[in-house]
Protein chains: 2
Amino acid sequence: MRLTSKGRYAVTAMLDLAFHSQLKPVTLIDIAARQTISLSYLEQLFARLRRANLVKGVRGPGGGYSLCGDAHNISIAEIVAAVGERIDSTKCGGEANCQKTHECLTHDLWMDLGDHVKSYLEKITLADLLAKNRVQEVAERQDQHAQQTIEIHNHADLMHTLQ
Amino acid sequence: MRLTSKGRYAVTAMLDLAFHSQLKPVTLIDIAARQTISLSYLEQLFARLRRANLVKGVRGPGGGYSLCGDAHNISIAEIVAAVGERIDSTKCGGEANCQKTHECLTHDLWMDLGDHVKSYLEKITLADLLAKNRVQEVAERQDQHAQQTIEIHNHADLMHTLQ
DNA sequence: ACTTAACCCAGTAAGTTAGTCAACTATTAC
DNA sequence: GTAATAGTTGACTAACTTACTGGGTTAAGT
Ligand code: FES
Ligand code: FES
């Protein structure tokens, strides 16, 4: 098993998307600002999410990304799998061939653990997370903070053009 | 979360130890042969396991390692923790401070997942694994195969001394 | 035309993993 | 005592992955 920032970022970004893309697409620039994730790195992750048909991109002004389908139908397991994180803990990848042709001593243990985690993440959807109070609170705080930084950014731009 | 060969090897070796060290200590050389793990790498892992008081080493001929205490009291979670694998999936390590002073959007999700996996691995002991039929079968197959390779090894030694 | 923002590709610093090599110490057997 | 055994320690390394940067292209809106 290997669940790193890649998977964390992917789920975080998808949750941000679910929260903000009700009306119109959300730009990666906004997500990067709110969640403090590198824009270029987000692009890479969304390339995978798009290939997995979890999001769709719209180009040009007013464009951005929005969810493919309903938040109730997107599980955390799907997102994590889409960006290429292995939930499986085995060395053999389920082939039961660690020792030449035979399984190793602990093959079954890791298989069971993997199944366990997988089913846990499959049962949680974006909608489930979105319904939590804590998530709502954090998202709203982020919106306010992002609004401030945008104002600061615009102010800086203004000063720049005045020079 | 990050569960790699390090944790797999550690648990596999401990299980091998639980299976073979009923009467006398087991050498790392034997474990390395049976489980096809690099001897030097095993030494590093057992240094950590010893520091965590999970095994004790006996030097000299007839020496080797044996379990500290009963197999019923050693959980998989302890072994994995002893070699330094993080079961926790959060970025913050439970501090809830991904975003400067605040928690990130998905903090709770990763905390819950970590707790879930941790309690799963805490409930499984070496004795539990040892009781399984599959594990017994694999261990016996490994014993036979190791016996063969030892004979081949002795044969090679014999030929060598005759030259 | 010009701007916006998705899309695409190449590269890279830092860190981790899995492993090797070499030296040293304690214990037992002869 | 001395030789063999087996644990103990530390430094060092190739290969790989992660997280990230930069530069460029393409499609869409105004
Ligand atoms: S993990 Fe599947 S055979 Fe070892
Ligand atoms: S994972 Fe804990 S705050 Fe982000």
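Convention: sequence-line order gives letters A, B, ...; per-chain numbering from 1.
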*asked:* If you assign each of A:Arg2 and A:Leu28 to its closest nucleotide in DNA chain C, which residue comes earlier from the 5' end?
replied: A:Leu28
*What integer distance in Å separates B:Leu49:CG from D:dG7:C1'?*
14 Å
*Between C:dT27, D:dT18, C:dA5, which nucleotide has the shortest distance from any of its atoms to the side chain of A:Thr27?*
C:dA5
*Hey, are the side chains of A:Leu113 and B:Leu3 touching, using non-hydrogen atoms and a 4.5 Å cut-off?*
yes
*Does D:dT17 have OP1 or OP2 sitting under 4.0 Å from an N or O in the side chain of A:Thr4?*
no
*Is the base of C:dT20 touched by the side chain of B:Glu43 through a donor-acceptor pair closer than 3.5 angstrom?*
no
_Contact check, side chains of A:Ile37 and A:Leu45, non-hydrogen atoms, under 4.5 Å_ = no
*In Å and rounded to the nearest 0.5 Å, what is the CD to SG distance from A:Glu103 to A:Cys92?*
8.5 Å
*In terms of the nearest nucleotide of DNA chain D, which residue is placed more toward the 5' end: A:Ser5 or A:Val58?*
A:Ser5
*Please name the pair of heavy atoms, one in A:His72 and one in A:Ala127, separated by the smallest distance, quoted to 0.1 Å.*
CD2-CB, 3.5 Å
*Which nucleotide in the set C:dT17, D:dG29, C:dA10 lies at the smallest distance from any side-chain heavy atom of B:Glu85?*
C:dT17
*Please state whether the base of C:dT4 and the side chain of A:Arg59 form at least one donor-acceptor pair under 3.5 Å?*
no
*B:Arg50 has an atom CZ; how far is it from atom P of C:dA26, in whole Å?*
13 Å
*Report the nucleotide, chosen from C:dG19, D:dT18, D:dT9, that has the shortest atom-to-atom distance to any side-chain atom of B:Tyr41.*
C:dG19
_Parallel, tilted or perpendicular, judged at 30° and 60°: which one describes the rings of B:Phe46 and B:Tyr65?_
tilted
*Separation of atom CD1 in A:Ile37 from atom C1' in D:dC20, rounded to whole Å*: 12 Å
_Side-chain N or O of A:Tyr65 closer than 4.0 Å to phosphate OP1/OP2 of C:dC7_ = yes
_With a 4.0 Å limit, can you tell me whether B:Ser38 has a side-chain N or O closer than that to the phosphate oxygens OP1/OP2 of C:dT20?_
yes
*Would you kindly give the CG-to-C1' distance between B:Leu42 and C:dT20, to the nearest whole Å?*
14 Å
*Look at the side-chain N and O atoms of A:Ser40 and state whether any lies under 4.0 Å from the OP1 or OP2 oxygen of D:dA19.*
no
*Option from B:Thr12, B:Asp16, B:Asp30 for which side-chain hydrogen bond (donor to acceptor under 3.5 Å, both in side chains) with B:Gln35 holds*: B:Asp16
*Within this structure, what is the CG-to-C1' distance between A:Leu45 and C:dC7, rounded to whole angstrom?*
14 Å
*Please tell me which of A:Gly60 and A:Gln44 maps to the more 5' nucleotide of DNA chain C, matching each residue to the nucleotide holding its nearest heavy atom.*
A:Gly60
*Could you state the CZ-P distance from B:Arg48 to D:dT9, rounded to the nearest angstrom?*
13 Å
*Does a nitrogen or oxygen in the side chain of B:Tyr9 sit under 4.0 Å from OP1 or OP2 of C:dT17?*
no
*Return the value, rounded to whole Å, for the distance between atom NZ of B:Lys24 and atom C1' of C:dT27.*
16 Å
*Would you tell me if any nitrogen or oxygen in the side chain of A:Arg51 comes within less than 4.0 Å of OP1 or OP2 on C:dC8?*
no
*B:Lys6 NZ to D:dT17 C1': how many Å, rounded?*
15 Å
